[in-house]
Visitor: 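Here you go, one structure.
The figures that follow rest on heavy atoms only: side chains count, while hydrogens, waters and symmetry mates do not. Please read all numbers here as calculations on a predicted model, not as lab measurements. Just so you know, residue 1 is the first one in the sequence shown, and it goes up from there.
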Amino acid sequence: MASQALAPHVCHDTPLQQAVAVTDGRPSLLLVGDETIDHGGWARLGMERCYRLLSVPAGDGRQVVPPSGARGVVTFDEAAADRALALAESAGLPTAALRTAACHRAAVTLRPTPSGETAPDTTLTAVVVSAVVDGMPFPLFVARAEREAGDSGYVVEATDPLLRRESVTEEVRAAHRELDIRGGLTATELHLAGRGGGRQSACPRVHGLFGADPLLRAGSLATGIDCPVVWADLAAGADPDLTPRRNSAAAVRFAHLGPELALSDADLNVAELPGGIWEAHFIAPRNAAGEPGSEHQGVFAVAVGEDAAACRRALDLLPGTLRLRHRHQPTYTDERNQRRTHA
């Protein structure tokens, strides 16, 4: 099997000796997969303050030779998680953070309902994002999930009272112990379940996060904790800095375009963006920007404000800055008109 030498992100064909000859004292990390998953490049920019990122294409089947001194492997791309984990294992680099992201991409329900019992209806109330260091989760922030009119997102307030509630912290720790999660960034879903005449906490679900997850964007802006750097530190086996440096609110929202629209039908009037909007990007699956109907294409926006309400107000104004060009499909009123249209 042919070997492939790693190179800086600007060029995948630079020989290995050139890739490692230039150094500025930052340790190196291998970045596997599609970097466009990092919308706006915010995660990469954060990581590059502390690490040199060497890009590794995912899925080409060739063996990668890590350069001497590489500290770990990271990825922004869920589809590349298994590839990144295999690379870290083969190179003898830390694997805990990647293993968490790779193994817990889908939500995991703890303590299944015993046979004969009916699973209760649950309502998602909050998501606790934690950094897991040597098997111990340290909650960083709480995000409140929102879904309205087909749009979805999260709001984070640095002062959310759930972050200081001991029962919540213990629930998060118990979930991680049961799943034996040893490292990485996680999102623990807190649910309320109805049983009988009252409501009680349901079994939490735990997701593994990648460094460019939009949820981390909101948390970083609200708390000042540099979540992509935390992710990189954990992937490198280093102790992360989890100190909050900001006390505000932030929100992320994904606004879907209509089913008849493609991204090529939409423009964003930057001059009219509300003051609380931090950034906004059009996003779409590969090769789908010119095709209408994809439920995964739309506008990803980030807002920052003094509280959650301020963030919501800014995001609610976002649709007014879109300029949409609707596609007019032919309407067939009778067979004769249909023949003329296709002539």
Visitor: How many angstroms lie between atom CG of L234 and atom OG1 of T100, to the nearest 0.5 angstrom?
Guide: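 If I round to the nearest 0.5 Å, the distance is 9.0 Å.
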Visitor: Please give me the minimum heavy-atom distance between P94 and A235, naming the atom from each residue.
Guide: CB-O, 3.4 Å
Visitor: Could you tell me if the side chain of L163 sits less than 4.5 Å from the side chain of R165, heavy atoms only?
Guide: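 In short, these two side chains do not touch, never coming nearer than 4.5 Å.
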Visitor: Can a salt bridge be assigned to the pair D226 and R49 using a cut-off of 4.0 Å between side-chain N and carboxylate O?
Guide: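 Between R49 and D226 there is a salt bridge, with a charged N closer than 4.0 Å to a carboxylate O.
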Visitor: With a 4.5 Å limit on heavy-atom distance, are the side chains of E189 and V128 in contact?
Guide: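 Heavy-atom side-chain distance check fails, nothing below 4.5 Å.
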Visitor: Any non-hydrogen side-chain atom of M136 less than 4.5 Å from a side-chain atom of H176?
Guide: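 The answer is no, as the side chains (C-beta and beyond) never meet within the 4.5 Å cut-off.
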Visitor: Is there a path of hydrophobic side-chain contacts, each under 4.5 Å between heavy atoms of I/L/V/M/F/W/Y residues, joining I225 to V229?
Guide: no
Visitor: Between E170 and R177, is the closest basic N to carboxylate O distance under 4.0 Å?
Guide: yes
Visitor: Does the side chain of T75 pick up a donor-acceptor pair with the side chain of D77 at under 3.5 Å?
Guide: no
Visitor: Could you state whether L317 and V302 fall into the same hydrophobic cluster, counting links through intermediate Ile, Leu, Val, Met, Phe, Trp or Tyr residues with side-chain heavy atoms under 4.5 angstrom apart?
Guide: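 No, separate clusters.
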Visitor: For a quick check under 3.5 Å, do S55 and E35 share a side-chain donor-acceptor pair by atom type?
Guide: yes
Visitor: Could you tell me which non-hydrogen atom of A232 sits nearest to which non-hydrogen atom of V74, and how far apart they are?
Guide: CA-CG1, 4.3 Å
Visitor: Do V172 and S130 have side-chain heavy atoms sitting under 4.5 Å apart?
Guide: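 Yes - at least one pair of side-chain heavy atoms lies under 4.5 Å apart.
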Visitor: Report yes if some heavy atom in the side chain of L140 is under 4.5 Å from a heavy atom in the side chain of L185; otherwise report no.
Guide: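 Yes; the side chains approach each other to less than 4.5 Å.
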Visitor: Determine whether L209 and W231 satisfy the following criterion, side chain to side chain contact (heavy atoms under 4.5 Å, CB included), listing intermediate values before the conclusion.
Guide: CA-CA 9 Å; L209 297 178; W231 160 246; over 6 Å; no
Visitor: Can you check whether R217's main-chain N or O pairs, donor with acceptor, with S220's side chain at less than 3.5 Å?
Guide: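 No; judged by distance alone, with no hydrogens or angles, the pair does not exist.
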Visitor: For A212, is there any backbone N or O sitting under 3.5 Å from a side-chain donor or acceptor partner on D38?
Guide: no
Visitor: When rounded to the nearest 0.5 angstrom, what distance separates OH in Y154 from CG in D213?
Guide: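 One finds 8.0 Å between OH of Y154 and CG of D213.
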Visitor: Between the side chain of R245 and the main-chain N/O of G224, is any donor-acceptor distance below 3.5 Å?
Guide: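 No, because the side chain of R245 does not come within donor-acceptor range (under 3.5 Å) of the backbone of G224.
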Visitor: Does the pair E178/R173 count as a salt bridge with the N-to-O cut at 4.0 Å?
Guide: no
Visitor: So if you build clusters from Ile, Leu, Val, Met, Phe, Trp, Tyr with side-chain heavy-atom gaps below 4.5 Å, do V155 and L221 land together?
Guide: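 No, separate clusters.
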Visitor: Would you check if there is a donor-acceptor pair between the side chains of H104 and T186 at a distance under 3.5 Å?
Guide: no
Visitor: Restricting to non-hydrogen atoms, name the atom on A314 and the atom on I277 that form the minimum distance, rounded to 0.1 Å.
Guide: O-CD1, 3.7 Å
Visitor: Salt bridge check, E48 against R44: does any charged N sit closer than 4.0 Å to a carboxylate O?
Guide: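 Yes, charged N to carboxylate O under 4.0 Å.
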Visitor: Hey, could you give me the CZ/CZ distance between F254 and F300, rounded to the nearest 0.5 Å?
Guide: 10.0 Å
Visitor: Do F138 and L215 land in one hydrophobic cluster if side-chain heavy atoms of ILVMFWY residues count as linked below 4.5 Å?
Guide: yes
Visitor: Applying side chain to side chain donor-acceptor pair (under 3.5 Å), can you list everything that pairs with D82, at least two apart in sequence or on another chain?
Guide: R105
Visitor: Testing the basics here: between C311 and V304, what is the closest heavy-atom pair and its distance to 0.1 Å?
Guide: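 Closest approach of C311 to V304, heavy atoms only: SG-C, 3.9 Å.
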Visitor: Which heavy atom of V32 sits nearest a heavy atom of V73, and at what distance?
Guide: CG2-CG1, 3.7 Å
Visitor: Assess whether atom CD of E306 is packed by more than 12 heavy atoms of other residues, nucleotides or ligands within 6.0 Å.
Guide: no
Visitor: So, does T125 use its side chain to make a donor-acceptor pair with the main chain of L190 at under 3.5 Å?
Guide: yes
Visitor: Would a 4.5 Å heavy-atom cut-off, applied to side chains only, mark Y51 and R26 as touching?
Guide: no
Visitor: What distance do D34 atom CG and E78 atom CD have between them, rounded to the nearest 0.5 Å?
Guide: 12.5 Å
Visitor: Nearest 0.5 Å, please: how far is CG in L54 from CG in L31?
Guide: 9.0 Å
Visitor: State, to 0.1 Å, how close T321 and E272 come at their nearest heavy-atom pair, and which atoms those are.
Guide: CG2-O, 3.1 Å
Visitor: CZ/R147 to CZ/R253 distance, rounded to the nearest 0.5 angstrom?
Guide: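 Reported to 0.5 Å precision, the distance equals 12.0 Å.
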Visitor: Do side-chain atoms of E157 reach the backbone of A308 as a donor and acceptor pair under 3.5 angstrom?
Guide: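 Indeed, once roles are kept as given, a pair shorter than 3.5 Å links the two residues.
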Visitor: Quick one about T223 and R246 (side-chain donor to acceptor, distance below 3.5 Å, no hydrogens or angles considered), yes or no?
Guide: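 Looking only at side-chain atoms, T223 and R246 do not form any donor-acceptor pair under 3.5 Å.
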Visitor: Just checking N269: does its CG atom have more than 12 heavy atoms from other residues, nucleotides or ligands closer to it than 6.0 angstrom?
Guide: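 Result for CG/N269: enclosed.
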Visitor: Is W42 atom CH2 crowded by more than 12 heavy atoms from other residues, nucleotides or ligands, each under 6.0 Å away?
Guide: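 More than 12 heavy atoms, drawn from other residues, nucleotides or ligands, come within 6.0 Å of this atom.
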